[in-house]
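The structure appears right after this line, and notes come after that.
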Protein chains: 2
Amino acid sequence: MRKDSRLSRMLHVLVHLHQLQQAVTSDQLALMLHTNPVVVRRTMSLLREQGYVSAVKGHGGGWTLAKPLHEITLLDIHRSLSESSLFTIGLTDEHNHCPIEKAVNLAIDDVLQEAEALVLQRFGEVTLDKLATGYTPR
Amino acid sequence: MRKDSRLSRMLHVLVHLHQLQQAVTSDQLALMLHTNPVVVRRTMSLLREQGYVSAVKGHGGGWTLAKPLHEITLLDIHRSLSESSLFTIGLTDEHNHCPIEKAVNLAIDDVLQEAEALVLQRFGEVTLDKLATGYTPR
DNA sequence: TTTTATGTAACTTATGATGTTTCTTAAATT
DNA sequence: AATTTAAGAAACATCATAAGTTACATAAAA
């Protein structure tokens, strides 16, 4: 299944924006991410809607951070990007009345919800300034 | 992103096989899963390779459990089915030498590995007989 | 020999991030 | 005012993979 690498890419971009301290164009970011500027705008606009970056049109324009890195967590960016599920595992809904299917789905969902809660908690504990200074795992 | 519902489907099938106590054909399972028999064979054959089910050809043939439910865990079935990742999140590898990209990927991967370990542990704790008698969440 | 069933190869479909083209809009430079 | 530079946005193509489908081979029982 194709992976969603937007979180990885956007975190990468945000830390670079912090270090450069100036507006960076979509074309420049596209070169950096080995992609094209439309993909950059499409993804960055989700962060702009949540107030983490600003975009300025025209000469000298481009993208800048709208908040300092220490006020942004991995969770903030993850939430800005994803409406869809964290897991590749899905549940079936073929027989709403079958008690076995219900028990199976409940068992799987129970585990996945616990795991998702853990991911969200951990993401919430990491601010982006920690990524700028060399992250060390727990 | 399209979900992998094979785990859910196969657990459902295994518990039904236990309750029916007789060979069930791929056609019958396909009706049960609202799919077609080739999809059933393709997926069930992964469980057969690991020794969880047996298949018999010809008249009166079909699929039967090769192990009792209490000797099979969610983890066993999960492992039989998936070589691919549990998460929809992927890491980029655009600049192997960029320390920021490394820090970003390390931070994400750190969290995902912890979450995956939790999922595998929980899956390993649940034997399939628990699903036959009405599963209650932790 | 016929019927019933799995085994398997080859191909199509569905989904969503990604990639691409093209045009519009806005702001700074000339 | 005209030109250049940049984001915004619509429309469409690509890719990967579970799922779905078609067709045929193989094996076992009736």
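Side chains are part of it too, since the values below use all heavy atoms of this structure and drop only hydrogens, waters and symmetry mates. Below, chains carry the letters A, B, ... as their sequence lines are ordered, and counting in each starts from 1.
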* To do: Could you check which residues of residues 13-21 of chain A get a heavy atom under 4.0 Å from DNA chain C? Sort them by number, please.
  => none
* Structure fact -> Sorted by chain and residue number, the side-chain hydrogen bond (donor to acceptor under 3.5 Å, both in side chains) partners of Glu116(B) (sequence neighbours excluded) come out as none
* **Rounded distance (Å) that lies between atom C1' of dA19(D) and atom CE of Met10(B)** => 12 Å
* Can you list the residues that meet the side-chain contact (heavy atoms from CB on, under 4.5 Å) rule with Ser5(B), with sequence neighbours excluded? -> Thr92(A), Arg9(B)
* **Transitive ILVMFWY side-chain link Val38(A) to Met10(A), under 4.5 Å** => no
* **Candidates dA7(D), dT6(C), dG19(C) - which lies nearest the side chain of Arg9(A)** => dG19(C)
* Give the rounded distance in Å between these two atoms: CG of Leu81(A) and C1' of dG16(C). => 14 Å
* To do: Starting from C1' on dA19(D), measure out to CG on Leu46(B) and report it in whole angstrom.
  => 14 Å
* What pairs with Leu31(A) under side-chain contact (heavy atoms from CB on, under 4.5 Å), at least two apart in sequence or on another chain? -> none
* Asked: Roughly how many Å is it from CZ in Phe87(B) to P in dA17(C), rounded to a whole number?
  -> 18 Å
* To do: Taking side-chain contact (heavy atoms from CB on, under 4.5 Å) as the test, write out the residues that go with Gln121(A), two or more places apart.
  => Glu125(A)
* Structure fact -> Rounded to whole Å, the NZ-P distance (Lys3(B) to dA19(D)) equals 12 Å
Check residues 69-78 of chain B and write down every donor-acceptor pair under 3.5 Å in which the side-chain atom is one partner and the other belongs to a residue at least two apart or another chain.
from, atom 1, to, atom 2, distance (Å)
Thr73(B), OG1, Leu75(B), N, 3.3
Thr73(B), OG1, Asp76(B), N, 3.1
Thr73(B), OG1, Asp76(B), OD2, 3.2
Asp76(B), OD2, Thr73(B), N, 2.9
His78(B), NE2, Ser82(B), OG, 3.4

* To do: Could I get the full list of side-chain hydrogen bond (donor to acceptor under 3.5 Å, both in side chains) partners for Asp109(A), not counting sequence neighbours?
  => Gln113(A)
* Which nucleotide sits closest to the side chain of Thr25(A): dA6(D), dT18(C), dT6(C)? -> dA6(D)
* To do: Please check the phosphate of dA19(D) (OP1 and OP2 only) for any side-chain N or O of Ser5(B) closer than 4.0 Å.
  => yes
Which pairs of donor and acceptor atoms, one on a side chain in residues 45-60 of chain B, lie under 3.5 Å apart (sequence neighbours left out)?
from, atom 1, to, atom 2, distance (Å)
Ser45(B), OG, Arg41(B), O, 3.2
Ser45(B), OG, Arg42(B), O, 2.8

* Asked: Between Gln22(A) (CD) and dA6(D) (P), how many Å, whole number?
  -> 12 Å
* **Val111(A), Leu106(A), Val104(A) screened by side-chain contact (heavy atoms from CB on, under 4.5 Å) with Ile108(A), the one that passes** => Val104(A)
* Structure fact -> Sorted by chain and residue number, the side-chain hydrogen bond (donor to acceptor under 3.5 Å, both in side chains) partners of Thr25(A) (sequence neighbours excluded) come out as Gln28(A)
* Asked: Rounded to the nearest Å, what distance is computed from the CG atom of residue Asp4(A) to the C1' atom of nucleotide dT18(C)?
  -> 10 Å
* To do: With sequence neighbours left out, write down each residue that passes side-chain hydrogen bond (donor to acceptor under 3.5 Å, both in side chains) with His16(B), or none if nothing qualifies.
  => His12(B)
* Calculate the interatomic distance between Trp63(A) atom CH2 and dA7(D) atom P; express it in whole Å. => 7 Å
* Asked: In residues 28-43 of chain A, which ones come under 4.0 Å of DNA chain D, going by heavy atoms?
  -> Val38(A), Arg41(A), Arg42(A)
Under 3.5 Å, N/O pairs linking protein and nucleotides 27-30 of chain D:
from, atom 1, to, atom 2, distance (Å)
dA27(D), O4', Lys57(B), NZ, 3.4

